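Lettering of chains follows the sequences in order, A, B, ..., and the numbering in each one begins at 1. Quantities reported herein were computed from a predicted structural model and do not represent experimental measurements.
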Amino acid sequence: MGPLFALVDVNNFYVSCERVFQPRLEGVPMVVLSNNDGCAVARSNEAKSFGIRMGVRWFKVRDLARQHGILAFSSNYTLYADMSNRVVSILREFCPDVEVYSIDESFLQVEAVLGLYGGPLSLGQQIKARIRDWTGLPVCVGFGPTKTLAKLANHLAKKNPEFNGVCDLPGLPEVALRDWMARTAVEEVWGVGPRTVPKLEAMGIRTVLDLRNAPPKAIRSRFGVVLERTCYELRGVSCLALEDAVAARQQIMVSRSFGRTVTTLEELSEAVATYAASAAEKLREQGSEAAAVHVFVLTNRFRPEEPQNNVGRLMALPDPSDDTLRLAKAALAGLRGIYRPGFAYKKAGVILGPLSPKAGRQQGLLTDTPVGVRGERLMDTIDTLNRRFGRGRLRTGASGTGRSWAMRAGNRTPRYTTHWEELPAIS
DNA sequence: TCTGGGGTCCTAGGACCC
DNA sequence: TCTGGGGTCCTAGGACCC
């Protein structure tokens, strides 16, 4: 027997997280907005039915929203990340082989545990029921012999009520499978993006079935090895393995648009120091060190009539480091090198990389510095306190205190599950 | 006025090595 | 008839994902 993959995906994840703590929102049309309240990034089914598209700029549909009583919430990533972790811990109880694919999706490789649950459909229903009971979140589950087919099964489960939230593709009769594939547009396939769709259509490939039946070699010569694999995956030949060991990131980026335009070096410095600290925290979390820091600033590219200054600088470090103070210092030095007065900056960011594991570090021959024990202990202390009291609670003075440049979030709900002072109250 | 923030992989071409 | 034959590393750009 070959592999069997399950894809578990939370429906309208951000919206569903908000509803868990405000049940009165159930059935109410609502969206969750991106950072700075710019775009709609999650929509309830009711909002979708009013024609609110994914990624639409919120000001463009604000009138429509007012008209229909569509509510809008700012992103509450602290809450969503915590809810995501809870879902994953439940999945790990069902099956040890879990790949956390995104904040709201996980792959499971289940063929070895299937016997414990009485088959795919039963396993899927148990997963769905337990996540609903223990977290309040609704999920759909799709099963397939490849990850691409599990994704497709999940899509079908989500769109078609007759599946009751669980679709077992291998359990369908061959005729039914062909029929579903023929009725599903090729753009729904995982790995087929907006650039590829028109090219495929020009070749007469419009549905999932068309792509499955296309000759893989021809697909490879036209599109490359990635889409060839997709083609094989649709035929049931597993080309993509479960990646259950979380690979260390190869680069870490932290960047934000500002809530308003920023012109002074002082304010840019606060932002860059803040982002560098946040990136350094992520770096230490995965046990890596960075050999260099890239810092960049951008003006508003949507206003070409204004003077543009989109520049960055790569600052090599004398030794790889995971120390917030060193990384921030390098980033700030880079910023001073690229900053020009007279521009209205809209965004800044910090990228750490190339990264290497801290454990395998080789001491430099010429640049050997004594191991910074005090620095290590300081970073440990900062991380411990911030884990306990919330990210950014303890930070360097360079990050500033006023921070009027911070992004807008006009309607953010409390961080119900991670902050003592924001616990939900029941009266 | 308003425009998110992260990531990954593959390919092609050039520089350079013996 | 002849223009060698392998390699690696790096970068930029393009595509994709959520």
Handout entry: C:dC17 versus B:dG4 - spacing of their C1' atoms, nearest Å
Key = 15 Å

Problem - For A:T263, all residues meeting side chain to side chain contact (heavy atoms under 4.5 Å, CB included), sequence neighbours excluded - result: none

Side-chain polar contacts of residues 66-74 of chain A - donor-acceptor pairs under 3.5 angstrom, sequence neighbours left out - could you list them?
residue : atom : partner : partner atom : Å
A:S74   : OG   : A:D37   : OD1          : 2.8
A:S74   : OG   : A:D37   : OD2          : 3.4
A:S74   : OG   : A:G410  : N            : 3.1
A:S74   : OG   : A:N411  : N            : 2.8

Handout entry: OG on A:S75 to CD on A:E18, rounded to 0.5 Å
Key = 8.5 Å

Handout entry: All side-chain hydrogen bond (donor to acceptor under 3.5 Å, both in side chains) counterparts of A:E187, not counting sequence neighbours
Key = none

Sequence neighbours left out, cut at 3.5 Å: what donor-acceptor pairs do the side chains of residues 188-203 of chain A make with other protein atoms?
residue : atom : partner : partner atom : Å
A:W190  : NE1  : A:Y101  : OH           : 3.2

Practice task
Scan residues 243-280 of chain A against DNA chain B and write down, sorted by residue number, each residue with any heavy atom closer than 4.0 Å; if none is found, say none.
Solution key: A:R249, A:Q250, A:Q251, A:I252, A:M253, A:V254, A:S255, A:R256, A:S257

Problem - Sub-4.5 Å side-chain heavy-atom contact between A:R403 and A:E267 - result: no

Exercise for the section: Just call it for A:D37: base, sugar-phosphate, or nothing, with non-hydrogen atoms closer than 4.0 Å on any strand. Expected result: nothing

Handout entry: DNA chain B contacts made by residues 220-238 of chain A, counting heavy atoms under 4.0 Å
Key = A:V225, A:V226, A:R229

Problem - Within residues 52-61 of chain A: residues closer than 4.0 Å to DNA chain B (heavy atoms) - result: A:R57, A:F59

Exercise for the section: Indicate whether the side chain of A:N310 and that of A:T299 have a donor and an acceptor atom separated by less than 3.5 Å. Expected result: yes

Practice task
Select from A:K282 and A:N300 the residue whose nearest nucleotide in DNA chain B is closer to the 5' end of that strand.
Solution key: A:N300

Problem - Touch class at under 4.0 angstrom, heavy-atom based, for A:N35 against every strand present - result: sugar-phosphate

Problem - Ring centroid separation A:W180 to A:F163 under 6.0 Å - result: yes

Exercise for the section: Decide whether A:T324 and A:R284 meet the rule of one side-chain donor and one side-chain acceptor closer than 3.5 Å. Expected result: yes

Completion exercise
Residue set satisfying side-chain hydrogen bond (donor to acceptor under 3.5 Å, both in side chains) with A:S399, at least two apart, ordered chain then number -> A:T396

Handout entry: Working for ring-ring contact (aromatic ring centres under 6.0 Å, His included), residues A:Y416 and A:F21
Key = CA-CA 8 Å; A:Y416 302 104; A:F21 296 93; 4.4 Å; yes

Practice task
Go ahead and write out DNA chain B as dot-bracket, 5' to 3': ( ) for pairs within the strand, [ ] for ones crossing earlier pairs, | when the partner sits on another strand, dots for unpaired; Watson-Crick or G-U wobble, both distances under 3.5 Å.
Solution key: ....||||||||||||||

Name each donor-acceptor pair under 3.5 Å that joins a side chain in residues 239-256 of chain A to protein atoms two or more places apart or in another chain, with its distance.
none

Exercise for the section: Show your working on side-chain contact (heavy atoms from CB on, under 4.5 Å) between A:H294 and A:V350 and close with a plain yes or no. Expected result: CA-CA 6 Å; A:H294 183 84; A:V350 168; over 6 Å; no

Exercise for the section: Answer with base, sugar-phosphate or nothing: what part of the nucleic acid does A:T196 contact at a heavy-atom distance below 4.0 Å? Expected result: sugar-phosphate

Can you list, pair by pair, the side-chain donor-acceptor contacts under 3.5 Å of residues 46-57 of chain A, counting residues two or more places apart and other chains?
residue : atom : partner : partner atom : Å
A:E46   : OE1  : A:R19   : NH2          : 3.0
A:E46   : OE1  : A:S44   : OG           : 2.8
A:K48   : NZ   : A:N12   : OD1          : 2.9
A:S49   : OG   : A:E46   : O            : 2.7

Fill in the blank from the handout: Note: chain A reaches DNA chain C at heavy-atom distances under 4.0 Å over the stretch, first to last nt, 5' to 3', of C:dA15 to C:dC18

